Amino acid sequence: MINVTVANFEAEVIEASMHTPVLVDFWATWCGPCKVIGPILEKVEAEYGGRFKLVKIDSDQEQQLAAAFGIRSIPTCVLLIGGQPVDGFMGALPEGQIKAFLDKHLPSEDELAALAEADEAQQMLAQGGEGEAADPASALEKLARAVEQAPDNDDLRFELVRQCISHGLFEQAAGALAPALSRIPVPLRFDALAQWLNALEFVGTDPRGQWPLEKFDELIGQNKRDFETRFAKSRVLIAMGEWPAALEELLEIIMRDKKWDDEAPRKTYVGLLELMTPPKPKADPAAAGKSAGGIELAGKAAVAEDPQSQMVSQYRRKLSMALN
């Protein structure tokens with residue numbers, strides 16, 4: 001438990017929450033319920049063994065912080081993750097309810113172990129430089145174990161499938177992908193992986209997968225509505241890593257026949273855009289701005305769109321125009 005003031009708020013709350021969830025307890029010396037819940041919170045923090053960090057803010061002494069969080073009564077507890085408030089509660093709740101509140105948001109011990117395993121795997125995959133792992137087999141085994149420990153963690157499953165596809169392990173990728181594809185609706189990013197995997201498997205099993213691009217172009221030149229050839233070409237381009245060119249070919253089909261082959265071109269197009277979209281940057285305390293709950297924590301800075309994001313936005317607009 002740490003006492004927080006304006007002076008150390010940035011380091012002990014905002015920055016700390018980037019790595020570990022932080023529970024902020026707003027209290028005052030005159031508050032009877034605060035004296036009841038305080039020891040309970042400290043006991044729970046010790047029992048949870050580092051799964052969250054507890055800090056206390058005296059709302060009388062630190063009125064600026066209390067106002068920033070919109071505190072109207074005490075005790076009030078606010079949970080921050082990634083620099084942002086995600087939930088909170090008021091009043092001196094019993095221990096069981098406090099634990100239930102925390103368990104809704106905190107990773108379990110198994111998930112923490114899985115995340116540690118995944119971090120090791122990521123470090124191994126990065127050791128070789130230029131995307132080549134020093135020992136990809138061992139790293140992928142670690143990722144697979146992480147998914148077994150935390151099967152509901154979509155981030156870990158996505159990374160495992162992505163890495164398996166990147167290393168040409170299509171059977172393992174399909175196996176790891178199957179649980180996500182069985183969900184209704186299928187999450188977009190897993191459908192995107194399925195589209196990528198389908199293209200790579202097509203190139204390895206269909207004779208057209210070995211055609212030079214000129215052969216596709218010759219056939220398309222003879223018949224602009226030869227959608228089978230266009231779609232096959234798009235899959236070859238996907239396998240080659242020429243994703244913008246694949247998007248252009250898919251767009252040609254969509255503009256001529258939006259419903260062709262149960263909208264397979266549109267689904268593939270959307271999947272590629274999902275895979276091409278850069279991951280969201282981790283929350284920056286300096287640009288946190290106003291939280292979803294309306295708490296003003298810092299000034300919001302304008303963020304310039306990077307070239308990759310600009311390209312994705314451009315292709316999203318092209319799709320929208322083709323569908324309208």
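Predicted model only: the values in this text are computed from it and were never measured.
Contact of the L79 side chain with the P85 side chain is not registered, since no non-hydrogen atoms from C-beta on lie closer than 4.5 Å. Between D25 and I57, the closest side-chain pair of non-hydrogen atoms is not below 4.5 Å. Inter-residue side-chain proximity for L323 and K258 is flagged as met; some heavy-atom pair is nearer than 4.5 Å. Looking at heavy atoms from C-beta onward, W243 lies in side-chain contact with L275 at the 4.5 angstrom threshold. Between F52 and V44 there is a side-chain heavy-atom pair separated by less than 4.5 Å. Between H105 and D87, some side-chain heavy-atom pair lies under the 4.5 Å cut-off. Residues K318 and E248 have side chains in contact (heavy-atom distance under 4.5 Å, counting atoms from C-beta outward). For the pair L23/V55, no side-chain contact is recorded, criterion being any heavy-atom separation below 4.5 Å from C-beta on.
Taken from CG in L247 to CZ in R316, the straight-line distance is 10.0 Å, to the nearest 0.5 Å. The OG atom of S59 sits 14.0 Å away from the CD atom of Q64 when rounded to the nearest 0.5 Å. Put simply, OG on S234 and CG on L272 are 8.0 Å apart, with the number rounded to the nearest 0.5 Å. Distance check, rounded to the nearest 0.5 Å: CG of L273 to CG of L319 gives 7.0 Å. One distance of note links CG of L140 with CG of L143; it measures 6.0 Å at 0.5 Å rounding. R266 CZ to D261 CG: the interatomic distance, rounded to the nearest 0.5 Å, is 12.5 Å.
At distances below 3.5 Å, not a single donor-acceptor pair connects side-chain atoms of T20 with backbone N or O atoms of K53. Put simply, the side chain of D206 gets close to the backbone of R208: a donor and an acceptor are under 3.5 Å apart. For the pair E62 (side chain) and V6 (backbone), a donor-acceptor distance under 3.5 Å is present. A donor-acceptor contact shorter than 3.5 Å links the side chain of N324 to the backbone of S320.
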All N/O donor-acceptor pairs, side-chain side in residues 95-103, below 3.5 Å, sequence neighbours left out:
{"unit_1": "E95", "atom_1": "OE1", "unit_2": "K43", "atom_2": "NZ", "d": "3.1"}
{"unit_1": "E95", "atom_1": "OE2", "unit_2": "K43", "atom_2": "NZ", "d": "2.8"}
{"unit_1": "E95", "atom_1": "OE2", "unit_2": "K99", "atom_2": "NZ", "d": "2.9"}
{"unit_1": "K99", "atom_1": "NZ", "unit_2": "E47", "atom_2": "OE1", "d": "2.7"}
{"unit_1": "D103", "atom_1": "OD1", "unit_2": "Y48", "atom_2": "OH", "d": "2.9"}

Scan the side chains in residues 155-165 for donor-acceptor partners under 3.5 Å anywhere in the protein, sequence neighbours excluded, and list what turns up.
{"unit_1": "D155", "atom_1": "OD1", "unit_2": "R189", "atom_2": "NH1", "d": "3.0"}
{"unit_1": "D155", "atom_1": "OD1", "unit_2": "R189", "atom_2": "NH2", "d": "2.9"}
{"unit_1": "R157", "atom_1": "NH1", "unit_2": "A176", "atom_2": "O", "d": "2.8"}
{"unit_1": "R157", "atom_1": "NH2", "unit_2": "P151", "atom_2": "O", "d": "3.3"}
{"unit_1": "E159", "atom_1": "OE1", "unit_2": "R162", "atom_2": "NE", "d": "3.2"}
{"unit_1": "E159", "atom_1": "OE1", "unit_2": "R162", "atom_2": "NH2", "d": "3.4"}
{"unit_1": "E159", "atom_1": "OE2", "unit_2": "Q122", "atom_2": "NE2", "d": "3.2"}
{"unit_1": "E159", "atom_1": "OE2", "unit_2": "R162", "atom_2": "NH2", "d": "2.7"}
{"unit_1": "E159", "atom_1": "OE2", "unit_2": "Q163", "atom_2": "NE2", "d": "2.9"}

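Under a hydrophobic clustering in which Ile, Leu, Val, Met, Phe, Trp and Tyr are joined whenever their side-chain heavy atoms come within less than 4.5 Å, directly or via other members, W196 and V186 fall into the same cluster. Under the 4.5 Å side-chain heavy-atom criterion for grouping Ile, Leu, Val, Met, Phe, Trp and Tyr, I81 is not connected to V24 through any hydrophobic cluster. In terms of hydrophobic clustering, with Ile, Leu, Val, Met, Phe, Trp and Tyr side chains grouped at heavy-atom distances under 4.5 Å, L54 and L80 are assigned to different clusters. In the hydrophobic clustering of this structure, L193 groups with V312; members are Ile, Leu, Val, Met, Phe, Trp, Tyr whose side-chain heavy atoms approach within less than 4.5 Å, directly or through other members. Hydrophobic clustering (ILVMFWY, side-chain heavy atoms < 4.5 Å, transitive): M90 and V86 are in distinct clusters.
Residue pairs that meet the side chain to side chain donor-acceptor pair (under 3.5 Å) test with at least one member in residues 69-79, sequence neighbours left out, do not exist here. Residue pairs meeting the ring pair (Phe, Tyr, Trp, His ring centres under 6.0 Å) criterion with at least one member in residues 249-275, sequence neighbours excluded: F227-W260, F231-W260.
Salt-bridge formation is not detected for the pair R51/E45: no Lys NZ or Arg NE/NH1/NH2 atom is positioned less than 4.0 Å from an Asp or Glu carboxylate oxygen. The pair R183-D154 meets the salt-bridge criterion, since a charged nitrogen lies less than 4.0 angstrom from a carboxylate oxygen. Ion pairing of K224 with E252 is absent here, as no side-chain N (NZ or NE/NH1/NH2) approaches a carboxylate O to less than 4.0 Å.
Summarising the geometry of I37 relative to G91, their closest heavy-atom pair is CD1-O, 3.5 Å, with the distance given to 0.1 Å. For the pair P75 and A92, the tightest heavy-atom approach, listed with the atom from each and the gap, is CG-N, 3.9 Å. Shown here for L41 and C77, the closest heavy-atom pair between the two residues is CD1-SG, 3.8 Å. Taking each heavy atom of A28 and D60 in turn, the nearest pair found is CB-OD2, 3.7 Å. Across every non-hydrogen atom of G83 and I14, the tightest pair is O-CD1, 3.9 Å.
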**OP:** Test side-chain contact (heavy atoms from CB on, under 4.5 Å) on D257 and R225 and set out the steps.
**Re:** CA-CA 9 Å; D257 188 343; R225 295 182 64 85; 4.3 Å; yes
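T29 pairs by the side-chain contact (heavy atoms from CB on, under 4.5 Å) definition with W27, D58, not counting sequence neighbours. For F26, the ring pair (Phe, Tyr, Trp, His ring centres under 6.0 Å) test picks out F69, with sequence neighbours left out. Partners of I220 by side-chain contact (heavy atoms from CB on, under 4.5 Å), not counting sequence neighbours, listed by chain and number: T229, R230, K233, E249. With sequence neighbours left out, the salt bridge (Lys or Arg N to Asp or Glu O under 4.0 Å) criterion links D262 to K267. Listed by chain and residue number, nothing satisfies the ring pair (Phe, Tyr, Trp, His ring centres under 6.0 Å) test with F170 (two or more places apart in sequence, or in another chain). For E141, the side-chain contact (heavy atoms from CB on, under 4.5 Å) partners at least two apart in sequence or on another chain are R145. Residues meeting the side chain to side chain donor-acceptor pair (under 3.5 Å) test with N198, sequence neighbours left out: none.
One side chain, T268 or Q195, offers a donor N or O that lies under 3.5 Å from an acceptor on the other.
More than 12 heavy atoms of other residues, nucleotides or ligands sit less than 6.0 Å from atom CD of Q222.
Hydrophobic clustering, defined by side-chain heavy atoms of Ile, Leu, Val, Met, Phe, Trp and Tyr closer than 4.5 Å, groups W211 together with F202, V203, L213, F216, L219, V236, L237, M240.
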